[in-house]
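Here the structure is a predicted model, which means the values were calculated and not measured. So that the names make sense, note that chain A is the first sequence line, chain B the second, and so on, each numbered from 1.
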Protein chains: 2
Amino acid sequence: MVTKAAKRAKAGTGRARPTASFALPLASVDVVALSVFEQALQVLLVRRPNARGEPFPGRQALPGGFIDVAVDVDLVSCARRKLHDKTARGSLYLEQLGSWGGAARDPRGWSATHAYLALLPKDDALPGNGGVGAEAEWRRVDEVLRKGGLAFDHLEILTAGVERLRSKAEYTSLPAYLLAEPFTLPQLQRTYEVVLGRPVDKSGFRTRMLSAQFLVEAGYVEGDSNRPPMGYRLREPETPAFFPRTFSPRG
Amino acid sequence: MVTKAAKRAKAGTGRARPTASFALPLASVDVVALSVFEQALQVLLVRRPNARGEPFPGRQALPGGFIDVAVDVDLVSCARRKLHDKTARGSLYLEQLGSWGGAARDPRGWSATHAYLALLPKDDALPGNGGVGAEAEWRRVDEVLRKGGLAFDHLEILTAGVERLRSKAEYTSLPAYLLAEPFTLPQLQRTYEVVLGRPVDKSGFRTRMLSAQFLVEAGYVEGDSNRPPMGYRLREPETPAFFPRTFSPRG
DNA sequence: TTAATAGTGTCTATGAGACAGTATCAA
DNA sequence: TTGATACTGTCTCATAGACACTATTAA
């Protein structure tokens with residue numbers, strides 16, 4: 001069956017639509033969902049179905065899939081749907097990562113995917129609370145990148161997502177979205193260190209974070225056996241902070 | 001409601017080529033092609049066809065159009081085709097800008113466009129040398145943004161492209177791609193000032209550019225009636241330079 | 001010499017990085 | 001008091017910004 005949209009397009013000029021065929025690319029949305037826990041950057045992966053005719057059966061892949069033109073009003077809401085946003089509370093961060101498209105990336109035909117980068121605290125979107133989450137699991141990013149074996153070009157997309165986070169961590173507050181609120185400055189510092197892959201000076205880190213004005217105090221959090229640290233929340237969770245300079249070891 | 005497409009995808013029984021069996025979004029590529037001349041940032045626009053059934057007839061739009069799965073091997077080459085890359089020499093810069101997709105942006109149906117940002121010197125892709133160029137024309141960005149009236153959501157995409165260039169001009173050598181080689185440092189400085197919309201200190205600018213090591217001397221260029229400036233070319237046109245800090249007026 | 005533009009020297013304040021110090025809790 | 005972690009003070013140094021200066025051409 002040919003859709004109304006396609007018929008309309010055909011009725012137009014040759015320039016509006018390739019004349020030879022109606023072939024449209026497959027269109028999907030995939031999400032690189034990252035978190036930090038157990039001292040490591042982690043990514044949410046699902047397993048491809050084993051059914052006949054499915055590409056990359058049984059392989060791990062980024063959560064995502066075809067755009068459903070009857071359900072999704074736009075790309076972002078499609079991404080949220082893929083992530084089951086109802087399970088993600090509070091400070092979910094979602095930004096567009098880029099798009100990958102070509103004749104070769106999917107054996108079923110020319111396909112293009114719109115990739116999104118999601119940052120979320122560990123508690124959110126945990127495997128096991130229904131929907132996609134039930135089949136999803138967190139994996140250490142370093143292991144996934146080392147072993148490879150993801151479906152499609154998802155390894156490349158994952159690499160781009162990690163690189164985006166890493167580079168933005170140099171001058172934005174993005175890593176704060178990887179923690180559940182309230183969090184402490186030492187926790188945030190450790191998160192930055194995991195993301196950046198190098199140690200960060202404590203004093204400089206504190207002044208940097210506090211002078212950026214994106215945190216509000218949320219009362220002391222009790223520790224185990226030491227001075228209780230101050231807890232913080234994001235002042236405006238919708239808008240991350242930008243620092244005037246990048247982190248950089250003297251040089 | 002769940003569509004056939006979604007059911008197929010979930011059940012894993014999708015045919016090898018789901019061309020016409022369920023609704024796929026329209027898929028296009030659009031290019032925000034920018035240049036700087038006449039002391040202003042300029043954008044390349046085309047005019048929408050007046051044919052019956054065409055959306056936004058006669059309106060100005062970004063160059064672009066549907067992906068042709070029989071011709072384009074991937075998104076970038078599709079973008080290059082839309083720009084008629086053969087007319088663009090040397091230092092064409094092309095980067096992905098983002099994607100815009102939704103049910104409402106095209107009256108013909110759910111559509112998604114992959115937008116690219118192209119930076120090119122004035123000489124390249126001039127209106128009048130065949131193909132798209134024949135119908136294309138340069139327009140001052142400030143006027144276009146003020147008057148509006150572009151087809152589809154192209155004004156939003158243009159805004160994003162300009163914003164991308166502006167923000168990257170703070171810490172990269174991207175504006176160098178807006179000039180024909182060889183160019184002089186004063187020319188480059190004026191280009192930065194046009195892009196950034198504010199004056200830049202000469203001395204700081206020079207040390208910044210030269211210490212970034214992305215330029216190579218190309219002999220003196222004759223001026224009119226004054227000291228001849230040194231001409232420069234890009235050392236590696238494929239890879240723009242990143243500065244360690246952003247430009248910023250004291251504070 | 002003058003006008004005009006190209007290019008350089010120099011001073012200063014900012015603020016990040018380094019690191020040693022102090023504060024506050026439990027046991 | 002000790003240990004552990006949270007937090008602060010201070011010194012130094014690179015460098016961006018500001019701006020005055022010199023250089024090189026044509027007329």
Output all residues satisfying salt bridge (Lys or Arg N to Asp or Glu O under 4.0 Å) with B/Arg190, sequence neighbours left out; order by chain, then residue number.
none
Euclidean distance, atom [atom1] of residue [X] to atom [atom2] of [N] [Å, nearest integer]:
{"X": "B/Leu196", "N": "D/dA16", "atom1": "CG", "atom2": "P", "result": "16 Å"}
{"X": "B/Gln189", "N": "D/dA18", "atom1": "CD", "atom2": "C1'", "result": "14 Å"}
{"X": "A/Tyr192", "N": "C/dG17", "atom1": "OH", "atom2": "P", "result": "13 Å"}
{"X": "B/Phe205", "N": "C/dT8", "atom1": "CZ", "atom2": "P", "result": "14 Å"}
{"X": "B/Phe183", "N": "C/dA6", "atom1": "CZ", "atom2": "P", "result": "15 Å"}

For B/Leu75 against B/Gln96, the heavy-atom pair lying closest together:
CD1-NE2, 4.2 Å
Do [X] and [Y] have a side chain donor and acceptor closer than 3.5 Å?
{"X": "B/Tyr220", "Y": "B/Glu222", "answer": "no"}
{"X": "A/His114", "Y": "A/Ser99", "answer": "no"}
{"X": "B/Asp30", "Y": "B/Thr113", "answer": "yes"}
{"X": "B/Glu156", "Y": "B/Thr159", "answer": "no"}

Hey, what bend do you get for the helix from C/dT1-D/dA27 to C/dA27-D/dT1 if you fit axes on five pairs at each end, rounded to 10°?
10°
Using a 4.0 Å cut-off on protein heavy atoms (strictly under), produce a 5'-to-3' string for nucleotides 2-9 of chain D with B for base contact, S for backbone-only sugar-phosphate contact, and - for none.
-BBBBBBB
Near-ring test A/Tyr232/A/Phe183, centroid separation under 6.0 angstrom:
no
Side chain to side chain contact (heavy atoms under 4.5 Å, CB included) assessment of A/Arg235 paired with A/Gln213:
CA-CA 8 Å; A/Arg235 181 187 299 274; A/Gln213 304 274 13; 4.1 Å; yes
